[in-house]
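Written below as structure tokens is the structure these notes are about.
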Protein chains: 2
Amino acid sequence: MQGAAPRGPLSGFRILDLTAVVVGPSCTLTLAEQGAEVIKLEPPEGDLLRKLGGPAPSPDMSPKFIHFNRGKRSIAVDLKTEAGRAVLARLAERADVLVTNMRGGALARLGITWDALRPRNPRLVFCVIAGFGSAGRHHDSPAYDTIIQGMSGFAAALGRVLGEPRFAPFVLCDHITGIIASQAITAALLMRERTGEGQAIEVPMYESMAHFVLAEHMFRRTFDPAGPTGDPRVMNPDARPIPTADGYIAVSANTDAQAFAFFEAIGRPELKDDPRFSSVGARFRNVEAYFTLRAEALRSRSTAEWAAEFRRREIPAMPFQSIEAMLEDPHLWESGLLRREVHPTEGPMTGLGRPVRFSAAGPDELPLAPRLSAHAREVLAEAGYGEAEIAALLGRAVLPPPA
Amino acid sequence: MQGAAPRGPLSGFRILDLTAVVVGPSCTLTLAEQGAEVIKLEPPEGDLLRKLGGPAPSPDMSPKFIHFNRGKRSIAVDLKTEAGRAVLARLAERADVLVTNMRGGALARLGITWDALRPRNPRLVFCVIAGFGSAGRHHDSPAYDTIIQGMSGFAAALGRVLGEPRFAPFVLCDHITGIIASQAITAALLMRERTGEGQAIEVPMYESMAHFVLAEHMFRRTFDPAGPTGDPRVMNPDARPIPTADGYIAVSANTDAQAFAFFEAIGRPELKDDPRFSSVGARFRNVEAYFTLRAEALRSRSTAEWAAEFRRREIPAMPFQSIEAMLEDPHLWESGLLRREVHPTEGPMTGLGRPVRFSAAGPDELPLAPRLSAHAREVLAEAGYGEAEIAALLGRAVLPPPA
């Protein structure tokens, strides 16, 4: 914390990261982006995502792994060995946070519980990202992203729109729950500033996602007498970017002023006196006709022409972008979200910066994602291991850094 | 902070909440659930979501408003009046956080800027949830949830799977960005514990969602030479809950052990020697055939029978649930995520509890969502206004509480 402006609001906090794939790495990515020191403790074979997240120049540096693990250091420890578990215990003693998405049974077998670690580090914040909360009957059920999408209403909501349930094309529940966990951890660190004590946190995927879905879609089932679930405004099957002559555009003409300006823009000013479209309530009741009308009108001109026209008339609208187009949007390069970088082993690449700006912290000049166990020596040395001890551990309980 | 266990890790922090609809209320809901005191400053006509979020017993207490605004107090202030802006300034002086999703121009006109507020409250954390970051060319473009879904790759990812871009049936980008903002605010409060100073935070929806989407789907475009975007594992058109005789089930048979146990379960043990399915890599290459085979096999028995069979064989699987079924899942009632409550004006209702558990904090016994301006008197009194001043404000710059 001395010298230059801290890299982020979490500079100076040390996170021991026993997570893998997406739910945990998404959590600790946020913490790393904000300046926390994240030590990623991997199994000797590495985080599954290293291989599961797509091809890369190296066989274990998948693009998905790269993006979720910026700014972290890696040490691969064999927790099946007693020496490995001793390394973990030593690292946990000097950590501010231990976060894991390992299943409860595995944690208990390895001695990774708050009760076990707390006596030697009462300031530790111990966060378990679980599939299901421990207070409910599913507590030991398996949890993968698609299982949670299937249970928590994401697949159901898509099913209401598409006619058959399906998964969103993202590791969506993992990713969102990881962000939720990063907030909970930050809150527990903040509480510790006042109490001096750590605590245990449980972040259950299922409950977190049920909360997410039901806040939007419990809808009229909330009250007595209960009405239907599902907000029809967002569950409308026609809720999509509108086709133009050469692409698609997203238009949000919601208020009367916006809708009437839209009718002018498409050359149908008389529609503002049409009882089907003359008020917010009328357009909502006739949403299908309204959407059809919009879709028919926009086919005549290009996306760029409509975007200019709508901007001139102060109608909220922006072009739809493919993922490829987004990667070329100058805005994302200007804001530092996209950046060209050179990874020490993977070569030139496009990286992702921190989306959030903090006035009291510098930009996030994070190192890129680590090779497996790349920081084994330095992490051990910082934890107080001597040269001889490190030499004895490497190649046995701890994977040596790659050459 | 005296007496009983704090309600949550953020007990004692005061949030001045100038947000509306979903993106801001999702942020301050998380803070309220964790014990922060949230003062919701609404315009005299109320947060749009009060009416926009579906019908309720009262015309301005929509179910969506109810779920996103638990644990908050409301005061409706007319910021078009000088007296109203003076109330805002007084409340900002004694707040730990001011958070808003108003557009930059409107904020400047109302004098709600960090530069204006900081001299009288240098400890203030000032958070703007923006559509687009101020460093990029779209910075003053309009941002609604569907516009951001259309630009940031959510609509594009669904389009890759469905053949045509469409919006996810959620106010998805608002909702996720709100959670991201709650973490950023908590981090800035934590930093303040060390520096003694507040700061300004900018949380841009577009950058936040571009980060979310690209971490998963930049994929092979990350490297040189660039390959295609999009993770085919999650963008597979057949990635959906599998139909059974009476419903659907989500199955995650990923490892060899799980896949082979699955082949046993469906009475096709020979498939584990089939070169198309005999390894993780083989099943990935033949994912369409694998998914078809799974779909054909499961039609023969009920969801409950398959769930029991898979559980016995340690194959990760759980039944698909409709939103209605989720509302009857005993797990969610046992864990306190769902709860029967009685709202003072809306009557008996089903409410949502906090999904995250903190060992050092009590359960979240939050009051239910407020009527418009219900707490005007007490908020003004706490800010030091005398009885006569309050009487002079009510009915002019401040909406009186409902009778």
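Chain A is the first sequence line, chain B the second, and so forth, proteins listed ahead of strands; every chain is numbered from 1. In this text, all values refer to a predicted model and were calculated from it rather than measured experimentally.
Of the listed residues (A:Val203, A:Thr30, A:Ile185, A:Thr229), the greatest number of heavy-atom pairs within a distance under 4.5 Å of chain B belongs to A:Thr229. For the options A:Pro55, A:Gly227, A:Ser134, heavy-atom pairs under 4.5 Å to chain B are most numerous at A:Pro55. Ranked by heavy-atom pairs shorter than 4.5 Å toward chain A, the options B:Gly336, B:Pro237, B:Gly198 are led by B:Pro237. Interface check for chain A: of the options B:Ala156, B:Pro9, B:Ala250, the most heavy-atom pairs under 4.5 Å are formed by B:Pro9. Looking only at heavy-atom pairs under 4.5 Å with chain A, the residue among B:Ala188, B:Gly347, B:Ala56, B:Ala168 that has the most is B:Ala56. Here A:Ala135 is the residue among A:Ala135, A:Gly351, A:Pro232, A:Ala155 with the most heavy-atom pairs under 4.5 Å with chain B. Your options are A:Asp329, A:Ile66, A:Asp238, A:Val280, and the one with the most heavy-atom pairs under 4.5 Å with chain B is A:Asp329. Taking chain A as the reference chain and counting heavy-atom pairs below 4.5 Å, the highest number among B:Met349, B:Glu202, B:Glu346 is found for B:Glu202. Ranked by heavy-atom pairs under 4.5 Å with chain B, the first of A:Glu314, A:Gln199, A:Met209 is A:Gln199. Comparing B:Arg354, B:Arg311, B:Arg220 by how many heavy-atom pairs each has under 4.5 Å with chain A, the most go to B:Arg220. Of the listed residues (A:Pro243, A:Pro142, A:Ala143), the one with the most heavy-atom contacts under 4.5 Å to chain B is A:Pro142. When each of B:Leu189, B:Leu214, B:Leu10, B:Val251 is scored by its heavy-atom pairs under 4.5 Å with chain A, the top score falls to B:Leu214.
Heavy-atom minimum distance, B:Ile147 versus A:Pro316: CD1-C, 3.7 Å. Summarising the geometry of A:Asn236 relative to B:Arg166, their closest heavy-atom pair is O-NH2, 3.3 Å, with the distance given to 0.1 Å. Across all their heavy atoms, A:Met326 and B:Met151 have their closest contact at SD-O, 3.6 Å. Closest approach of B:Leu337 and A:His211 over heavy atoms only: CD2-CB, 3.9 Å. Taking each heavy atom of B:Pro241 and A:Phe167 in turn, the nearest pair found is N-CZ, 3.4 Å. Closest heavy-atom contact between A:Gln34 and B:Ala187: OE1-CB, 3.3 Å.
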Checklist line | Residue pair B:Arg160, A:Ser322: steps toward the side-chain hydrogen bond (donor to acceptor under 3.5 Å, both in side chains) verdict | finding: CA-CA 9 Å; B:Arg160 293 269 280 264; A:Ser322 66; over 6 Å; no
Margin query: Does A:Ser335 form a side-chain hydrogen bond (donor to acceptor under 3.5 Å, both in side chains) with B:Glu207? I'd like the steps, not just the answer.
Written below: CA-CA 8 Å; A:Ser335 68; B:Glu207 282 88 336; 3.3 Å; yes
Item checked: Step-by-step ring-ring contact (aromatic ring centres under 6.0 Å, His included) determination, A:His343 to B:Phe223 -> CA-CA 10 Å; A:His343 190 281; B:Phe223 305 112; 8.1 Å; no
Notebook entry, point to check: After noting the C-alpha distance and the side-chain angles of B:Ser182 and A:Gln183, does the key distance pass the side-chain hydrogen bond (donor to acceptor under 3.5 Å, both in side chains) rule?
Noted result: CA-CA 7 Å; B:Ser182 72; A:Gln183 191 281 332; 4.6 Å; no
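Both the backbone and the side chain of A:Phe358 come within less than 4.5 Å of a heavy atom in chain B. Neither the backbone nor the side chain of A:Ser26 comes within contact range of chain B; no heavy atoms are under 4.5 Å apart. For chain A, the nearby parts of B:Val213 are the backbone and the side chain; heavy atoms of each come within less than 4.5 Å. A:Phe212 touches chain B through backbone and side chain together, each having a heavy atom under 4.5 Å away. Contact of B:Met205 with chain A is not made at all, since no heavy-atom distance falls under 4.5 Å. If you measure heavy-atom distances from A:Phe154 to chain B, the contacts under 4.5 Å come from both the backbone and the side chain. When heavy atoms are compared at a cutoff of 4.5 Å, A:Phe170 approaches chain B by way of both its backbone and its side chain. Heavy atoms closer than 4.5 Å to chain A are found in the side chain of B:Asp231, but not in its backbone. Heavy atoms of A:Ile148 lying under 4.5 Å from chain B are absent altogether. Residue A:Arg340 touches chain B through its side chain alone, counting heavy-atom pairs closer than 4.5 Å. Residue A:Trp333 does not touch chain B at all, counting heavy-atom pairs closer than 4.5 Å. Looking at A:Val171, both its backbone and its side chain come within 4.5 Å of chain B, counting heavy atoms on both sides. Only the side chain of A:Leu162 has a heavy atom closer than 4.5 Å to any heavy atom of chain B. With a 4.5 Å cut-off on non-hydrogen atoms, A:Ile201 touches chain B through its backbone and its side chain both. For A:Pro165, the parts lying under 4.5 angstrom from a heavy atom of chain B are both the backbone and the side chain.
Salt bridge present: B:Glu334 and A:Arg137 bring a charged side-chain N and a carboxylate O closer than 4.0 Å.
Separating the OG atom in B:Ser62 from the CZ atom in A:Phe219 is a distance of 7.5 Å, to the nearest 0.5 Å.
For the residue pair A:Glu216 / B:His67, no side-chain donor-acceptor distance below 3.5 Å is found, with atom types taken as modelled. Between the side chains of B:Thr146 and A:Ser252, at least one donor N or O lies within less than 3.5 Å of an accepting N or O.
Side-chain atoms of A:Leu327 and B:Met218, non-hydrogen and from C-beta on, do get closer than 4.5 Å to each other.
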